[in-house]
A.B. asks: 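The structure follows.
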Amino acid sequence: MPDILIADDHPLFRDALQRAVLAAVPQARVHSADSVHALLGLIEQFPDAELLLLDLHMPGARGYSALAHIRGQYPGLPIMVVSGHEEAQVARRALAHGASAYVPKSTAGEDIVAAIRAVLDGDVWLPHALLGGSDELRPDEAAAAAQIATLTPQQFRVMTMIAEGLLNKQIAWELGVSEATVKAHMTAIMRKLGVSNRTQVALAASQLAVDQEAMPVLPPEED
């Protein structure tokens, strides 16, 4: 039986996606997560999953950052992005970051089923209203995505918490590790992102925001 993963923080929409998955693949085993941190644990638990349905906006996700990270760490896992955004540009950026499909949350149930079947067949799926346009990323966004893709799952968790403005002691408590471990992760993250402080880590993560005009939360510097 194929394992299929759903990551969305809205219980009602998770249920709707699960119904669509089972309509498309009745024998599937569906596993759900309500945050990116929980999702990373699910992927580690089910490394041979055949499909991931990923919401762009959920705890632990900053725009396309989770998509870029998972695509880099698990290149064999097809990802279908589901989102409340209806703009063609948002959809094309998702495909450019490696998604196999983009499904607005307003999409009819039968079309979500069709999208799931298309992706499992190896195809790329977009609703007709969003077809067309360029799927090329800006050079700075592509570079940030490539760097974020090199982070380990735990480093990615730390990066997103830094971008949310958490201090080292708060991150350590959330992850159940020591502050020394968090500082070690920080050193590795800054090296991989090519930056030298926490503010620059947050700015690197903001390159993958859906709304790139929005300013990220800038965390205070720590020793």
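Treat the numbers as computed from the prediction; the structure is a model and nothing was measured.
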A.B. asks: Once you round to the nearest 0.5 Å, how far does CG of Leu39 lie from NE2 of His37?
C.D. replies: 10.5 Å

A.B. asks: Would you mind reporting whether His185 and Gln154 have side-chain heavy atoms less than 4.5 Å apart?
C.D. replies: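 Heavy-atom side-chain distance check passes, below 4.5 Å.
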
A.B. asks: Looking only at atom types and distance, does a side-chain atom of Arg191 sit under 3.5 Å from a main-chain N or O of Ser196, one as donor and one as acceptor?
C.D. replies: no

A.B. asks: Quick check: do Asn168 and Arg198 have side-chain heavy atoms less than 4.5 Å from each other?
C.D. replies: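 They are in contact (side-chain heavy atoms under 4.5 Å apart), so the answer is yes.
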
A.B. asks: Does Thr150 have any side chain to side chain donor-acceptor pair (under 3.5 Å) partners at least two apart in sequence or in another chain, and if so, which?
C.D. replies: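 Applying side chain to side chain donor-acceptor pair (under 3.5 Å) to Thr150 gives none.
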
A.B. asks: Can you tell me how far apart CD (Gln147) and NZ (Lys192) are? Round to the nearest 0.5 Å.
C.D. replies: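 Reported to 0.5 Å precision, the distance equals 11.5 Å.
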
A.B. asks: Using a 3.5 Å cut-off and no angle test, enumerate the donor-acceptor pairs between side-chain atoms of residues 47-54 and protein atoms at least two apart in sequence or in another chain.
C.D. replies:
none

A.B. asks: Consider only side-chain heavy atoms of I, L, V, M, F, W and Y, link residues closer than 4.5 Å, and tell whether Tyr102 and Ile79 are in one cluster.
C.D. replies: yes

A.B. asks: Please check: side-chain N/O of Gln73 versus main-chain N/O of Leu151, any donor-acceptor pairing under 3.5 Å?
C.D. replies: yes

A.B. asks: So which heavy atom on Arg71 is nearest to which on Gly76, and how close?
C.D. replies: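 Looking at all heavy atoms of both residues, the shortest contact is NH1-N, 4.4 Å.
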
A.B. asks: So do Leu12 and Arg14 actually touch side chain to side chain, heavy atoms under 4.5 Å?
C.D. replies: no

A.B. asks: For Val90, does its backbone N or O pair with a side-chain atom of Tyr64 as donor and acceptor, under 3.5 Å?
C.D. replies: yes

A.B. asks: Same hydrophobic cluster for Ile112 and Val124, using side-chain heavy-atom links shorter than 4.5 Å among ILVMFWY?
C.D. replies: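 No, no single cluster joins them.
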
A.B. asks: Which heavy atom of Ile116 sits nearest a heavy atom of Ala24, and at what distance?
C.D. replies: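 So the two residues come closest at CG2-CB, 3.7 Å.
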
A.B. asks: Would a 4.5 Å heavy-atom cut-off, applied to side chains only, mark Val25 and Pro2 as touching?
C.D. replies: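 Counting from C-beta outward, Val25 and Pro2 do come under 4.5 Å.
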
A.B. asks: Find out if a path of hydrophobic residues (ILVMFWY) with successive side-chain heavy-atom gaps under 4.5 Å connects Val201 to Phe156.
C.D. replies: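 As far as the 4.5 Å side-chain criterion goes, Phe156 and Val201 are connected within one cluster.
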
A.B. asks: Going by the angle between their ring planes, with limits at 30° and 60°, are Phe46 and His31 parallel, tilted or perpendicular?
C.D. replies: parallel

A.B. asks: Roughly how far, to the nearest 0.5 Å, is the CG atom of Leu77 from the CD1 atom of Ile4?
C.D. replies: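 Rounded to the nearest 0.5 Å, the CD1-CG separation comes to 10.5 Å.
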
A.B. asks: Leu120 versus Arg117: any side-chain heavy-atom pair under 4.5 Å?
C.D. replies: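 SC-SC contact between Leu120 and Arg117 ruled out.
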
A.B. asks: What's the shortest heavy-atom distance between Gln170 and Gly165, and which atoms?
C.D. replies: OE1-O, 4.3 Å

A.B. asks: Does any part of the side chain of Glu141, heavy atoms only, come nearer than 4.5 Å to the side chain of Arg93, both counted from C-beta?
C.D. replies: yes

A.B. asks: With rounding to the nearest 0.5 Å, note down the distance linking CG in Leu193 to CG in Leu203.
C.D. replies: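 Separation between the atoms: 11.0 Å.
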
A.B. asks: Testing the basics here: between Ala205 and Met159, what is the closest heavy-atom pair and its distance to 0.1 Å?
C.D. replies: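 So the minimum-distance heavy-atom pair works out to CB-CE, 4.1 Å.
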
A.B. asks: On a heavy-atom basis, which atom in Asp34 and which in Met58 lie closest, and how many Å separate them?
C.D. replies: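 Smallest interatomic distance, heavy atoms only, reads C-CE, 3.6 Å.
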
A.B. asks: List for me each residue that meets side chain to side chain contact (heavy atoms under 4.5 Å, CB included) alongside Ala118, sequence neighbours excluded, and say none if there are none.
C.D. replies: Asp123, Trp125

A.B. asks: Out of curiosity, Ile171 CD1 to Glu174 CD, how far, rounded to the nearest 0.5 Å?
C.D. replies: 9.0 Å

A.B. asks: Can you see which heavy atom on Lys105 is nearest to which on Gly84, and at what distance?
C.D. replies: CG-N, 3.9 Å

A.B. asks: Is there a chain of hydrophobic side chains (I, L, V, M, F, W, Y, each step under 4.5 Å between heavy atoms) that links Leu208 to Leu95?
C.D. replies: yes

A.B. asks: Roughly how far, to the nearest 0.5 Å, is the CE atom of Met80 from the CG atom of Leu17?
C.D. replies: 6.5 Å

A.B. asks: Between Arg157 and Thr160 (side chain of the first, backbone of the second, donor and acceptor by atom type, cut-off under 3.5 Å), is there such a pair?
C.D. replies: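 No.
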
A.B. asks: Side-chain contact, heavy-atom cut-off 4.5 Å: Leu40 with His69?
C.D. replies: yes

A.B. asks: Give the cluster check for Ile148 versus Ile162: same hydrophobic cluster or not, with ILVMFWY residues linked at side-chain heavy-atom distances below 4.5 Å.
C.D. replies: yes

